[in-house]
Asks: 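A single structure is presented below for examination.
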Amino acid sequence: MQGIRMMAGLLTVLVGASMSEGVAQGLGANQQAAQGGMAETYLSLDGESAGPIATMVQTQTAAGFDVKLNLAPPLMSPHFYTSWLAPALQGQKPLKTVRLLSISMASGTRQVVAVQEAVGVAPRQIDFPLLDAGSHEQLKFSVSFSAPGMHPVQRTASPSTPTVNQYQTHLSASNFRLNFQGNPLLDASRVSKIEAISVGPRGGIPVLAAPLKSQAVGAKSLPPEIKSLAAPGGVATSNLVFYIAQTHAMPFQDWLATSPNQTRNGSITYLKPNLTPWGTLGLKGLTITKLTTETNPGHDGIRKVKVEMTVSSVQFTQGP
């Protein structure tokens, strides 16, 4: 497997004979800039800054490139959620001109040193992270997309970015809240861990293409024939899997035993350090499928029950 991996703005380039010369040259410039000083990589959608990329993995395939962007949620702009993430979760295909801008801080000023671009790109898979009450990790999620090619383009001015003060919100994977709607209410306050949740196309292609809004100045227009691209299938969501203290698992056992076909709605709320809401992942059409009691207690001395549910769809809302 050939690929390109970026960690904290530092690029390690693995270039094979089959990789295009233009892409290799563009990434080479980026690598030199990173070696000369601090470097950052920003995501741009249709010419509008969407926020910084924490890490990136870019892999060459027979059909082009697969790119996985790992992101720190509080640093992304509202434009990223409303125009790209949310429509994809709803089964739409929000095609965008994606640019990855490498910005050097070597000389004390922000300077774009390399730009890669892909036209007509929509999220292929969105991964919401593992949540664990005992974790010390920063909250991050990932967005993956495929493109026939990532092409170097002429360098542009540095994108407008939030100030440092706007970066101070640090989300932790340990700060979350799981809720269920319906009667009777289900107490999920003793949930200690929620497995990662992935959302991707069922059958390979999302069901609906969202019409593109007007392009920003400098962004390439998409060919008309792909602006309304649609295909059957829709999106699929992986199971909701969480762990709850055995002493608080009885309501879920009753749900499975007495009304296994009942569906509910729920939500995962991502909390700021002061435990106020930052964003919410709505969970629609939850159906309980399996309960498994752990053989041994955890490191906290509490025996857990693993609860598994299917999810019909999800909806993400950024804000309280």
Side-chain angles (χ1 to χ4, degrees), residues 7 54-55 57 68 70-74 125-142 144 170-200 236-314 316:
M7 296 296 294
T55 62
V57 177
K68 182 176 183 179
N70 297 306
L71 312 165
Q125 181 170 311
I126 301 167
D127 298 306
F128 293 90
L130 167 74
L131 303 172
D132 190 333
S135 173
H136 300 288
E137 298 293 326
Q138 182 181 12
L139 186 74
K140 294 179 182 178
F141 61 79
S142 67
S144 302
H170 177 91
L171 298 184
S172 170
S174 62
N175 291 339
F176 63 90
R177 184 168 57 236
L178 177 62
N179 289 310
F180 293 95
Q181 301 172 7
N183 187 21
L185 293 177
L186 299 175
D187 180 12
S189 61
R190 296 299 297 273
V191 169
S192 58
K193 185 168 72 172
I194 303 176
E195 298 286 357
I197 296 176
S198 297
V199 182
T237 304
S238 63
N239 286 357
L240 170 65
V241 180
F242 61 88
Y243 299 80
I244 189 170
Q246 185 180 26
T247 53
H248 285 67
M250 184 59 72
F252 298 96
Q253 294 170 346
D254 290 343
W255 179 6
L256 181 62
T258 62
S259 51
N261 295 324
Q262 179 188 16
T263 61
R264 290 174 176 262
N265 295 330
S267 64
I268 299 172
T269 303
Y270 304 98
L271 304 175
K272 299 177 183 178
N274 63 3
L275 301 185
T276 59
W278 171 83
T280 302
L281 182 65
L283 307 168
K284 307 295 183 181
L286 296 171
T287 303
I288 192 166
T289 59
K290 187 177 181 181
L291 296 174
T292 307
T293 302
E294 294 183 338
T295 304
N296 300 313
H299 61 82
D300 54 4
I302 299 175
R303 193 185 304 274
K304 308 293 195 308
V305 174
K306 178 182 179 182
V307 183
E308 300 180 51
M309 300 180 183
T310 58
V311 185
S312 175
S313 64
V314 300
F316 182 80

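Note that the coordinates shown come from a computational prediction; the quantities given were computed from them, not determined experimentally. Just so you know, residue 1 is the first one in the sequence shown, and it goes up from there.
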Asks: Return the minimal non-hydrogen interatomic distance between Pro129 and Leu139, and the atom names on each side.
Replies: CG-CD1, 3.2 Å
Asks: Hey, could you give me the CD1/CG distance between Ile244 and Leu178, rounded to the nearest 0.5 Å?
Replies: 8.0 Å
Asks: If you count the non-hydrogen atoms of other residues, nucleotides and ligands that lie under 6.0 Å from CD in Glu137, is the total more than 12?
Replies: no
Asks: Please list, chain by chain and in numerical order, all residues satisfying side-chain contact (heavy atoms from CB on, under 4.5 Å) with Asn265, sequence neighbours excluded.
Replies: Gln181, Lys284
Asks: Between CH2 of Trp255 and CG of Leu291, what distance do you get to the nearest 0.5 Å?
Replies: 10.0 Å
Asks: Taking the six-membered ring where the residue is Trp, are the ring centres of Phe141 and Tyr270 under 6.0 Å apart?
Replies: no
Asks: Please give me the minimum heavy-atom distance between Phe176 and Asp132, naming the atom from each residue.
Replies: CE2-N, 3.7 Å
Asks: Measure the OG1-CE distance between Thr237 and Met309 for me, rounded to the nearest 0.5 Å.
Replies: 15.0 Å
Asks: Check whether Ser192 reaches the backbone of Ala133 with its side chain - one donor and one acceptor, N or O, closer than 3.5 Å.
Replies: no
Asks: Which value, rounded to the nearest 0.5 Å, describes the distance between Thr247 atom OG1 and Lys304 atom NZ?
Replies: 9.5 Å
Asks: For ring-ring contact (aromatic ring centres under 6.0 Å, His included), just list the numbers for Phe252 and Phe180, CA-CA rounded to whole Å, side-chain angles, deciding distance to a tenth of an Å, and then say yes or no.
Replies: CA-CA 11 Å; Phe252 298 96; Phe180 293 95; 5.6 Å; yes
Asks: If we only count heavy atoms from C-beta on, is the Pro74 to Lys272 side-chain gap below 4.5 Å?
Replies: no
Asks: How far does CD of Gln253 sit from CD of Gln246, to the nearest 0.5 angstrom?
Replies: 7.5 Å
Asks: Could you pull out the closest heavy-atom pair between Ser172 and Ser135, with the gap in Å?
Replies: OG-O, 4.2 Å
Asks: Between Ile197 and Val311, is there a side-chain heavy-atom distance shorter than 4.5 Å?
Replies: no
Asks: What are the two closest non-hydrogen atoms of Pro260 and Thr287, and how far apart are they?
Replies: O-CG2, 3.3 Å
Asks: I'd like to check the side-chain contact (heavy atoms from CB on, under 4.5 Å) partners of Ser189; sequence neighbours left out, ordered by chain and number.
Replies: Asp187
Asks: When rounded to the nearest 0.5 angstrom, what distance separates NZ in Lys306 from CZ in Phe242?
Replies: 12.0 Å
Asks: Would you say the side-chain atoms of Ser267 pair up with the backbone N or O of Thr280, donor to acceptor, closer than 3.5 Å?
Replies: no
Asks: How close do Pro277 and Thr269 get, counting heavy atoms only, and between which atoms?
Replies: CB-CG2, 3.8 Å
Asks: Can you name the nearest heavy-atom pair linking Leu286 to Gly266, along with the distance?
Replies: CD1-N, 3.7 Å
Asks: Is the shortest heavy-atom distance from the side chain of Gln138 to the side chain of His170 under 4.5 Å?
Replies: yes
Asks: Given 3.5 Å as the limit, does a donor-acceptor pair link the side chain of Arg303 with the main chain of Thr295, or not?
Replies: yes
